[in-house]
Amino acid sequence: MTIVLGAIADDFTGATDLANNLVRGGMRCLQVIGVPQQALDLANVDAVVVALKSRSCPPDEAVADSLAALSWLREQGAKQLFFKYCSTFDSTDQGNIGPVADALLDALGASQTVMVPAFPVNGRTVYQGHLFVGDRLLNDSGMQHHPLTPMQDADLVRVLARQTAHPVGLTNRAVLAKGADATRDHLSALAEQGIRHVICDSLDEQDLSVLAEATVSLPLVTGGSGLGQALPAQYRAQGWLDTITEPGRLQPSSGSSLVLSGSCSRATLAQVANFLERQPEGGFALDPLSLAEGDKQWEQALAFAFERLEQNAPALIYASADPDKVNAAQRALGIERAGQLVEKALSQLAVTLVNEGVGRLLVAGGETSGAVVSALGITTLRIGEQIDPGVPWTQAPWPGREAPLSLALKSGNFGGVDFFTRAFEVLA
Ligand SMILES: Nc1ncnc2c1ncn2[C@@H]1O[C@H](COP(=O)(O)OP(=O)(O)O)[C@@H](O)[C@H]1O
Ligand SMILES: O=C(O)[C@@H](O)C(=O)COP(=O)(O)O
């Protein structure tokens, strides 16, 4: 038995986002954390998403990890490979989207791939190569203040050109409007001119469906989870998939509820504020400057969580802060150290509190989720019910416990304003 799609996601929330959309497209999908070290039973699996933490690490590391994932996915017989990055194209001039895409193309011996970040249901669209978040250009959407990958240019052709030595082209909406055959011809014409990376416009699901049809035969596609939802129909049309699978039901969850947030994105800041409005006693703020001074604040956070959990009330522990506060911490500590202090504190809280009975854990932020899930030692995730577009509940087996651990990994900018409350209602 071989899989149809093998995906490499550059962060953990992005991986669950893609897995969720593949499931919604009717595929049986398993998410694995890093390259599996043991053989997996993939008999009933159509797609595997390998979650990496390769978005913000040095480009060499991102390339090495992505190539290891590629090699494992090819061993599983994947017919098509998908490099999943953020729908807001999170990257820097050094990478990692360009270097990873180049390395994957080289390893596959392929000459061209498409770049399709759009996720229209969550407001991410691309027009004339420019990325919009809702009605704002990317560089005016809040993403210009991202702590690790500030996005200060919405022109993706220009952004990607700074990350690769190869030519970057554009397939715009006028081409897509002519349909899949015309789009395929356009891509071939660009390939003949040596254009290796093609940024693709997409305004809606119809555009994504045209792109999926035009690219189903490419060895490698890249982008956001919007394309992921459109591809399964094409795999069915190719005869590679013959069933439509309903999204799986997870086992009933049990245990206390905890939210850990290291995301400073606009949506998360509003979700933190909304939770605190509803439960003024329910939150504890971490500050990297205090964490740098020693263990005192971490111990206070732990004591706070224990108190809440004893009262059977959900606890929110967050480092999420507005750009001024983040900048001040980064100036004092350096960008990397500020982030690491937060990630370490939240991960250690997760490990201690899950071992003490937390059974429903919501983590906000991609890097943060990577740190927390890795510290928990989780290796596979089953995908369950969607809370909001791009964010499903997932489950991981938890040794010594009958019920698995229920885990929601929320991308920074995803989810409605009441997400931290409603997520647990969905689970109930
Ligand atoms: N108050 C803060 N000051 C500086 N850095 C922070 C602060 N809070 C969180 N961070 C760091 O910012 C980064 C946020 O990234 P991430 O978790 O991917 O969130 P998002 O999904 O919103 O991008 C993490 O590395 C986190 O540790
Ligand atoms: O494509 C997306 O927007 C998400 O799947 C994603 O990758 C978000 O990353 P974070 O905002 O860093 O969680």
Side-chain angles (χ1 to χ4, degrees), residues 13 142 250 252-288 290-291 296-326 342-343 345-366 368-369 371-373 376 384-395 403 405-428:
T13 44
L250 298 180
S253 67
S254 69
S256 336
S257 304
L258 173 69
V259 182
L260 297 174
S261 178
S263 159
C264 300
S265 297
R266 271 188 195 170
T268 305
L269 295 180
Q271 288 154 354
V272 169
N274 183 279
F275 181 91
L276 295 176
E277 253 167 51
R278 289 160 182 258
Q279 312 221 27
E281 310 293 313
F284 186 99
L286 293 173
D287 172 9
S290 306
L291 292 171
K296 191 164 163 220
Q297 192 178 56
W298 187 86
E299 282 161 7
Q300 288 168 340
L302 185 65
F304 162 82
F306 275 136
E307 204 176 301
R308 290 288 292 176
L309 302 184
E310 260 167 38
Q311 295 160 10
N312 210 12
L316 162 66
I317 301 177
Y318 62 99
S320 314
D322 62 37
D324 287 345
K325 255 186 123 177
V326 171
V342 169
E343 290 178 29
L346 292 175
S347 311
Q348 290 182 342
L349 285 167
V351 171
T352 309
L353 291 166
V354 168
N355 281 318
E356 291 295 329
V358 164
R360 304 169 170 110
L361 176 61
L362 196 170
V363 188
T368 310
S369 294
V372 167
V373 171
L376 289 170
E385 193 155 355
Q386 174 173 288
I387 307 163
D388 270 338
V391 199
W393 274 109
T394 70
Q395 274 184 342
L405 174 66
S406 293
L407 202 61
L409 307 180
K410 189 197 80 73
S411 294
N413 270 314
F414 286 179
V417 72
D418 58 350
F419 191 90
F420 290 171
T421 313
R422 199 162 33 77
F424 296 106
E425 293 166 5
V426 169
L427 199 58

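Gln279 meets the side chain to side chain contact (heavy atoms under 4.5 Å, CB included) test with Phe275, Arg308, Pro314; sequence neighbours excluded. For Leu427, the side chain to side chain contact (heavy atoms under 4.5 Å, CB included) criterion is met by Ser253, Arg360, Trp393, Ser406, not counting sequence neighbours. Qualifying side chain to side chain contact (heavy atoms under 4.5 Å, CB included) partners for Glu356, counting only residues two or more places apart in sequence or in other chains: Phe306. Remark: Arg422 engages Asp388, Asp418 in a salt bridge (Lys or Arg N to Asp or Glu O under 4.0 Å) (not counting sequence neighbours).
Nearest heavy-atom pair across Cys264 and Val326 is SG-CG2, 3.7 Å. Here the closest heavy-atom approach between residue Ser257 and residue Leu309 is recorded as O-CD2, 3.8 Å. Of all non-hydrogen atoms in Ser254 and Ala403, the two that sit nearest each other are OG-CB, 3.5 Å. Considering all non-hydrogen atoms of both residues, Gln297 and Ser290 come closest at OE1-CB, 3.4 Å. Residue Ala305 comes nearest to Ala315 through the heavy atom pair CA-CB, 4.4 Å, listed as atom of the first residue, atom of the second, then distance. Closest approach of Gly365 and Thr13 over heavy atoms only: O-CG2, 3.8 Å.
Residues in residues 312-323 take part in these side-chain hydrogen bond (donor to acceptor under 3.5 Å, both in side chains) pairs, two or more places apart or across chains: Ser261-Ser320. Listed by first and then second residue, the salt bridge (charged side-chain N to carboxylate O under 4.0 Å, His left out) pairs that reach into residues 263-287 come to none, sequence neighbours excluded.
Here Phe304 contributes atom CZ and Leu286 contributes atom CG; the two are 10.5 Å apart, rounded to the nearest 0.5 Å. In this structure, CG in Asn355 is found 8.0 Å from CG in Leu376, a value given to the nearest 0.5 Å. The CG atom of Leu349 sits 9.0 Å away from atom CZ of Phe284, with the distance rounded to the nearest 0.5 Å. Atom CG of residue Leu409 and atom OG1 of residue Thr368 lie 10.5 Å apart, to the nearest 0.5 angstrom. Rounding to the nearest 0.5 angstrom, the gap separating the CD atom in Gln300 from the CD1 atom in Ile317 is 11.5 Å. Between the CG atom of Leu353 and the OG atom of Ser256 there is a distance of 8.5 Å, given to the nearest 0.5 Å.
Formation of a donor-acceptor pair under 3.5 Å by the Ser263 side chain with backbone atoms of Ser265 is found in this model.
In this structure, the side chains of Lys410 and Thr268 come closer than 4.5 Å at one or more pairs of heavy atoms. Side-chain contact between Asn274 and Phe420 is absent, with no heavy atoms from C-beta onward closer than 4.5 Å. Inter-residue side-chain proximity for Val373 and Val363 is flagged as unmet; no heavy-atom pair is nearer than 4.5 Å. Phe419 has its side chain within reach of Leu362: a pair of non-hydrogen atoms, C-beta onward, lies under 4.5 Å apart.
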With side chain to side chain contact (heavy atoms under 4.5 Å, CB included) as the criterion, how do Leu361 and Val372 come out once you've worked through the C-alpha distance, each side chain's angles and the decisive distance to 0.1 Å?
CA-CA 10 Å; Leu361 176 61; Val372 167; 4.1 Å; yes

